[in-house]
Amino acid sequence: MTHNLFAIDKNRAMNKRKVTVFIACSADGYIAGKEDNLDFLSIVEAPPEEYGYAAFVSTVDTVIMGRKTYDKVLSFGVPFPHQERTCYVISTSRQGKDEHVTFWNDAPEKLIDQLQKQEGASIFVDGGAATIHSLLKKGLIDEFIISIIPHFLGSGIRLFSDEFPEQSLKLTDSKTFASGLVQLWYQKSSS
């Protein structure tokens, strides 16, 4: 895991805040089933195992998510998980702020550009697929931490849509867990 900390320090030294997607998907590449159903995630629930999430979020101070993802998080009926972080929700329908987030009504890449001009820790892109796709099209995601759930959904919301530029990745870590979950850590390759 020290290589991941080195990458964080290297990005800080370059005065660039790393942009990371930390997300789970089915073995066939879906982040949600029909009607945004997330029941498949319960297949790997094995408390107290949380698959490195707590350690990861301790390295970020800013969270970006799409409006549908935000609405889904609020529907869980638990306290908002990012209360100590600055949170932005990409939305074309909501403006201003609420008790948890600031709504961003412009292109996600403009938000990343603005944030990377500011001092701070890493930036966590917490979905959804449209937000990830928009940043991927512009080559703005530095790292992907993808947890693959041992389950095929067959349909739903794909993690990666079609039509984005080809990009090389470097595998920096992989982990397997007793639940069958496999976690892959990729960094955007410079070549």
Side-chain angles (χ1 to χ4, degrees), residues 1-8 18-85 87 89 100 121-133 135-136 141-162 164 167-189:
M1 187 103 147
T2 55
H3 61 279
N4 293 328
L5 296 175
F6 173 76
I8 291 167
K18 182 167 61 170
V19 178
T20 302
V21 170
F22 187 114
I23 199 160
C25 70
S26 64
D28 55 346
Y30 293 95
I31 58 172
K34 293 178 183 176
E35 299 179 19
D36 300 330
N37 188 308
L38 298 177
D39 290 349
F40 76 103
L41 296 175
S42 66
I43 294 167
V44 295
E45 285 181 2
E49 180 62 69
E50 42 80 40
Y51 305 106
Y53 182 77
F56 166 72
V57 295
S58 73
T59 69
V60 304
D61 66 0
T62 305
V63 179
I64 298 171
M65 65 182 76
R67 189 203 42 84
K68 288 181 184 178
T69 299
Y70 179 59
D71 289 347
K72 191 68 169 178
V73 169
L74 293 180
S75 78
F76 295 150
V78 298
F80 186 66
H82 302 297
Q83 293 181 29
E84 296 86 34
R85 295 170 191 85
C87 298
V89 170
H100 307 296
S122 294
I123 300 165
F124 171 23
V125 179
D126 189 19
T131 299
I132 292 169
H133 183 72
L135 296 174
L136 193 58
I141 300 172
D142 300 306
E143 181 179 50
F144 297 87
I145 304 168
I146 303 172
S147 297
I148 300 174
I149 310 297
H151 186 76
F152 288 133
L153 285 174
S155 65
I157 300 171
R158 285 207 165 276
L159 172 54
F160 299 116
S161 303
D162 293 336
F164 57 86
Q167 298 172 43
S168 294
L169 302 174
K170 178 182 178 186
L171 181 67
T172 59
D173 202 356
S174 64
K175 300 175 184 174
T176 58
F177 296 87
S179 65
L181 183 143
V182 174
Q183 193 171 76
L184 303 171
W185 293 56
Y186 290 106
Q187 285 184 351
K188 184 168 65 172
S189 178

*Does atom CD of E35 have more than 12 heavy-atom neighbours from other groups under 6.0 Å away?*
no
*asked:* Can you give me the closest heavy-atom contact between I23 and G127, atom names plus distance?
replied: CD1-CA, 4.5 Å
*What residue among I64, D126, L159 forms side-chain contact (heavy atoms from CB on, under 4.5 Å) with I132?*
L159
*Keeping the roles fixed (side chain from R85, backbone from V57), state whether a donor-acceptor pair exists under 3.5 Å.*
yes
*asked:* A side-chain contact here means heavy atoms from C-beta on lying under 4.5 Å apart; do V73 and D71 qualify?
replied: no
*Do you know which two heavy atoms are closest between A55 and T59, and how far apart they sit?*
O-CG2, 3.6 Å
*What side chain to side chain donor-acceptor pair (under 3.5 Å) pairs are there with at least one residue in residues 144-155, not counting sequence neighbours?*
S147-Q183
*F22: partners by ring pair (Phe, Tyr, Trp, His ring centres under 6.0 Å), with sequence neighbours left out*: Y53, F56
*asked:* Just verifying a value: how many Å separate L136 CG and F164 CZ, rounded to the nearest 0.5 Å?
replied: 4.5 Å
*Carboxylate-amine/guanidinium contact K18 E143, below 4.0 Å*: yes
_Rounded to the nearest 0.5 Å, what separates atom NZ in K188 from atom CZ in F144?_
8.5 Å
*Output yes when a side-chain donor or acceptor of T172 lies under 3.5 Å from a complementary backbone atom of W185, and no otherwise.*
yes
_As an exercise, state the distance from OH of Y186 to OG1 of T20, rounded to the nearest 0.5 Å._
15.0 Å
*Who pairs with F80 by ring pair (Phe, Tyr, Trp, His ring centres under 6.0 Å), at least two apart in sequence or on another chain?*
Y70, H82, H100
*Between the side chain of E49 and the main-chain N/O of V44, is any donor-acceptor distance below 3.5 Å?*
no
*In Å, rounded to the nearest 0.5 Å, how long is the span from NZ of K68 to OG1 of T131?*
10.5 Å
*Kindly indicate, with the supporting measurements, whether the criterion side-chain contact (heavy atoms from CB on, under 4.5 Å) is fulfilled by C25 and I146.*
CA-CA 7 Å; C25 70; I146 303 172; 3.9 Å; yes
*asked:* How close do A24 and I149 get, counting heavy atoms only, and between which atoms?
replied: CB-CD1, 4.2 Å
*Which distance, rounded to the nearest 0.5 Å, do you find between the CG of D36 and the OG of S75?*
9.5 Å
*Would you confirm whether D28, through its side chain, and G154, through its main-chain N or O, come within 3.5 Å as a donor-acceptor pair?*
yes
*Is there a donor-acceptor pair closer than 3.5 Å between any side-chain N or O of D142 and the backbone N or O of V19?*
yes
*S189 side chain to K170 main-chain N or O, any donor-acceptor pair under 3.5 Å?*
no
*Please round to the nearest 0.5 Å and tell me the distance separating atom CD1 of I141 and atom NE2 of H133.*
10.5 Å
*Specify the closest pair of heavy atoms between L153 and G33, including all atoms of both residues, with the distance to one decimal.*
CD1-N, 3.8 Å
